Number of protein chains: 2
Amino acid sequence: MSQAQSQRMASMCDSARSHVDDLLVLLSKSKMLSILYVMNCDPDPMRFSEIKKRVDSSSTTVARRLGELEAHGLVTRTAYATVPATVEYTLTRDAIALQPSLESMFEWVLNRADSSL
Amino acid sequence: MSQAQSQRMASMCDSARSHVDDLLVLLSKSKMLSILYVMNCDPDPMRFSEIKKRVDSSSTTVARRLGELEAHGLVTRTAYATVPATVEYTLTRDAIALQPSLESMFEWVLNRADSSL
DNA sequence: TTCTTTTGTAACAATGTTGTAACCTGTTTC
DNA sequence: GAAACAGGTTACAACATTGTTACAAAAGAA
């Protein structure tokens with residue numbers, strides 16, 4: 001059987017799996033875990049420029065990621081009519097529920113990074 | 001997270017940051033979390049074809065991911081001189097230490113996937 | 001002899017993703 | 001009038017990643 005065929009077989013009629021996959025694809029996008037992590041570290045709403053500075057990426061990518069997070073209901077965006085503009089991002093309850101996992105994952109990452117110095 | 005760790009985090013020097021980033025880039029590659037998860041679910045060594053079937057991806061991608069995991073010391077590869085070839089992959093102790101985080105992360109993913117049906 | 005199996009690798013075209021540079025809004029300051 | 005600020009958007013070229021196809025090796029079965 002060809003690779004294409006077995007893939008079609010395996011993924012047929014499995015809508016639940018596709019939702020899981022969607023989330024994993026979302027979480028696997030570049031800087032996504034970093035964004036969630038820096039937002040988790042500080043419970044206060046965070047401004048665009050602050051997030052951008054902390055994850056160290058281009059505006060384009062940060063804006064794309066925040067848009068995707070908002071579309072998935074993981075952050076809320078609040079714009080204030082100040083001059084210049086002020087926009088704050090907050091994690092939703094759903095995203096906050098991910099906090100313990102992220103924290104222990106980052107703990108592991110930091111430990112490994114330490115020991116490989 | 002411990003105080004020592006968050007201090008390390010806060011005052012992280014560039015070289016440590018790059019190690020952290022390397023790991024995050026690794027974990028963010030496509031199918032990476034899935035591979036770690038399916039291997040975590042079953043403590044026994046797992047064969048290439050079994051991993052491929054469970055994560056539902058092409059041999060090329062699965063081989064690439066397993067190679068990257070091996071290069072980072074997260075899996076060990078054992079080849080047996082059978083015919084046809086038999087190759088088993090096992091998570092290293094380091095990777096097993098990531099198990100609790102991955103488990104609770106997947107729990108969260110499954111809950112969200114469920115509630116969005 | 002040829003087919004079958006597992007576990008890959010190599011080349012390559014198609015597709016996806018990224019950063020950069022330019023631009024925009026709207027008000028206040030020079 | 002022009003610059004400056006935050007928070008983006010758009011277009012696009014450069015770059016990265018993916019799956020597909022073809023191939024290999026080794027030995028037993030048909």
Side-chain angles (χ1 to χ4, degrees), chain A residues 1-12 18 21-35 38-39 42 44-72 75-91, chain B residues 18 21-35 38-39 44-72 75-90:
Chain A
M1 188 187 285
S2 77
Q3 262 181 31
Q5 274 172 329
S6 50
Q7 265 174 245
R8 268 201 307 279
M9 294 287 283
S11 64
M12 228 178 342
S18 77
D21 283 351
D22 283 354
L23 276 173
L24 288 180
V25 166
L26 183 78
L27 293 179
S28 294
K29 281 171 183 283
S30 79
K31 304 292 176 177
M32 196 57 102
L33 293 174
S34 300
I35 290 176
V38 303
M39 293 186 70
D42 192 337
D44 299 325
M46 200 172 284
R47 300 181 59 178
F48 182 85
S49 51
E50 181 66 20
I51 295 170
K52 173 170 151 46
K53 196 179 68 192
R54 294 208 197 181
V55 305
D56 185 34
S57 193
S58 69
S59 330
T60 320
T61 294
V62 174
R64 281 194 274 242
R65 292 299 160 266
L66 288 172
E68 288 153 2
L69 286 171
E70 203 196 357
H72 278 77
V75 303
T76 45
R77 179 185 182 279
T78 316
Y80 299 98
T82 56
V83 169
T86 305
V87 180
E88 284 182 347
Y89 291 90
T90 324
L91 294 180
Chain B
S18 76
D21 283 351
D22 282 354
L23 276 172
L24 288 179
V25 165
L26 183 78
L27 293 179
S28 293
K29 280 171 184 284
S30 80
K31 305 291 176 178
M32 196 57 101
L33 294 174
S34 300
I35 289 177
V38 301
M39 292 186 71
D44 299 324
M46 201 172 283
R47 299 182 60 177
F48 181 85
S49 51
E50 181 66 20
I51 296 170
K52 172 170 150 45
K53 196 178 68 191
R54 295 205 197 183
V55 305
D56 186 33
S57 192
S58 69
S59 328
T60 319
T61 294
V62 174
R64 282 194 274 242
R65 292 299 160 267
L66 288 172
E68 289 153 2
L69 286 171
E70 202 195 356
H72 279 77
V75 303
T76 45
R77 178 184 182 279
T78 315
Y80 298 99
T82 56
V83 169
T86 306
V87 180
E88 285 183 346
Y89 291 91
T90 324

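The chains referred to below are lettered A, B, ... by the order of the sequence lines, with proteins before strands, and numbering in each begins at 1. Note: hydrogens, waters and symmetry copies are ignored here, and every other heavy atom, side chains too, is used. As the structure is a prediction and not an experimental result, all values here were calculated from the model.
- Contacts of A:K52 with the nucleic acid, taken as non-hydrogen atoms under 4.0 Å apart, are absent.
- Residue A:T82 is classed as having no contact, given no heavy-atom separation below 4.0 Å to the nucleic acid.
- Contact record, B:V75 with B:L66: CG2-O, 3.8 Å, taken as the closest heavy-atom pair.
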Check: Quick one: what's the B/S/- string for nucleotides 6-13 of chain D, heavy-atom cutoff under 4.0 Å, read 5' to 3'?
Finding: SSSSB---
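- Partners of B:T82 according to the side-chain hydrogen bond (donor to acceptor under 3.5 Å, both in side chains) rule, which considers only residues two or more places apart in sequence or in another chain, are B:T86.
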Check: Do B:M32 and B:L69 pass the side chain to side chain contact (heavy atoms under 4.5 Å, CB included) test, and can you show the C-alpha distance, the side-chain angles, and the key distance before you say yes or no?
Finding: CA-CA 9 Å; B:M32 196 57 101; B:L69 286 171; 3.6 Å; yes
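- B:E70 places its CD atom 9 Å from the P atom of C:dG8, with the value rounded to the nearest Å.
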Next item on the list: Would you sort out whether A:K29 and A:R64 count as a side chain to side chain contact (heavy atoms under 4.5 Å, CB included), showing the intermediate values?
Entry: CA-CA 10 Å; A:K29 281 171 183 283; A:R64 281 194 274 242; over 6 Å; no
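- Spacing between atom CD of B:E68 and atom P of C:dG8 amounts to 14 Å, rounded to whole angstrom units.
- Fit an axis to the five pairs at each end of the helix from C:dT1-D:dA30 to C:dC30-D:dG1 and the two axes sit 30° apart, to the nearest 10 degrees.
- Distance, B:K29 NZ to C:dT18 P: 12 Å, rounded to whole Å.
- Residues A:T78 and A:P45 fail the side-chain proximity criterion, which asks for heavy atoms closer than 4.5 Å.
- Residue B:Y80 contributes atom OH, which lies 13 Å from atom P of C:dG8 at whole-angstrom precision.
- A:R47 approaches A:A85 most closely through the heavy-atom pair NH2-O, 3.6 Å.
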Margin query: Evaluate A:S28 against B:K31 for side chain to side chain contact (heavy atoms under 4.5 Å, CB included), listing each step before the verdict.
Written below: CA-CA 9 Å; A:S28 294; B:K31 305 291 176 178; over 6 Å; no
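- Contact between the side-chain N/O atoms of B:R65 and the OP1/OP2 oxygens of D:dT18 is found at a separation under 4.0 Å.
- Ion pairing between A:R54 and A:E50 holds under the 4.0 Å rule for side-chain N and carboxylate O.
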